[in-house]
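No hydrogens, no waters, no symmetry mates; every other heavy atom, side chains included, goes into these values. In listed order, ligands and their atoms are each counted from 1. Just so it is clear, the model here is predicted, and its values are computed rather than measured.
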Amino acid sequence: MSHLEMEFTEISLADIETRAQKLIEDYEDHVGKRVRTPVPVESIAEHYLGYTIDITDEGLFEDPKYLGGIVFDDAVIRVNAAVESHEGRYNFTIAHEIGHHVLHREQFIAARNEQTPNIMCREVSAKPLEERQADQFASALLMPADEVAKAMRNIPSASGDISVRALRALAGKVCKIGGFSNVSNTAMCNRLITLGYARGLDYQTGTGLDLMRSADARGFSGIDTWLYKRLKKFMRIFR
Ligand SMILES: [Zn+2]
């Protein structure tokens, strides 16, 4: 299935951050307690937004390139069974589908016609605007900026330019100290770049970081370990 024949509107990163934060606050009101890390995206989807999470390897999901999908009409989030055992990938997929609910549901329902598939899918390869937006939302939801900032305050000398290896180590520390136990190291690396904690790497486009980022957006811990090893080799050669 190709991506939807539908034009979604641009949403600023700041707006996506705000809407992820708002969802957390609404969920806090709903459950009557403060949300701490790891952000319980499964519970937000099921107990607050009313979705059923269906882990499946049937139909479309026989193909591992479909990581997940959301069917608004049935209030179902489908997750490829191949993703289930990878904590980071599983949670990122659910957070991504929640992103579609928050950012795209209304527009999707208003703009669809008889030819529109009833599912928005998370594919490995295709990255149209709405998929990138859902990834940004997922990062913001799983790794709230203030929680990352709090963890960073407890890590000495963590600012300025940074190597890929140092970024990996830093992301590991942030995950541990900040309690981000449901995100992959790569997801945290990219979050740190987005939030401006890893400045040196923003400018290394074309030297492999782009690959690392896109692999991360897909939450591919298996592939990105492989990719990271290749990347390190590559960077050693060209430095
Ligand atoms: Zn998607």
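Under the 4.5 Å side-chain heavy-atom criterion for grouping Ile, Leu, Val, Met, Phe, Trp and Tyr, L170 is connected to I177 within one hydrophobic cluster.
Under 2.8 Å from the Zn ion (ligand 1) lies no N/O/S atom of E130, from backbone or side chain alike.
The angle that H96 NE2 and H100 NE2 make at the Zn ion (ligand 1), rounded to 10°, works out to 100°.
Across all non-hydrogen atoms, the minimal contact from H101 to Y51 is ND1-OH, 2.7 Å.
Shortest distance from the Zn ion (ligand 1) to E131 is reached at OE1 (N/O/S atoms only).
Look at K150 and E147 and you find a salt bridge, because one of the NZ, NE, NH1 or NH2 atoms lies within 4.0 Å of a carboxylate O, short of that distance.
The local environment of CD in E106 is sparse, with at most 12 non-hydrogen atoms from other residues, nucleotides or ligands closer than 6.0 Å.
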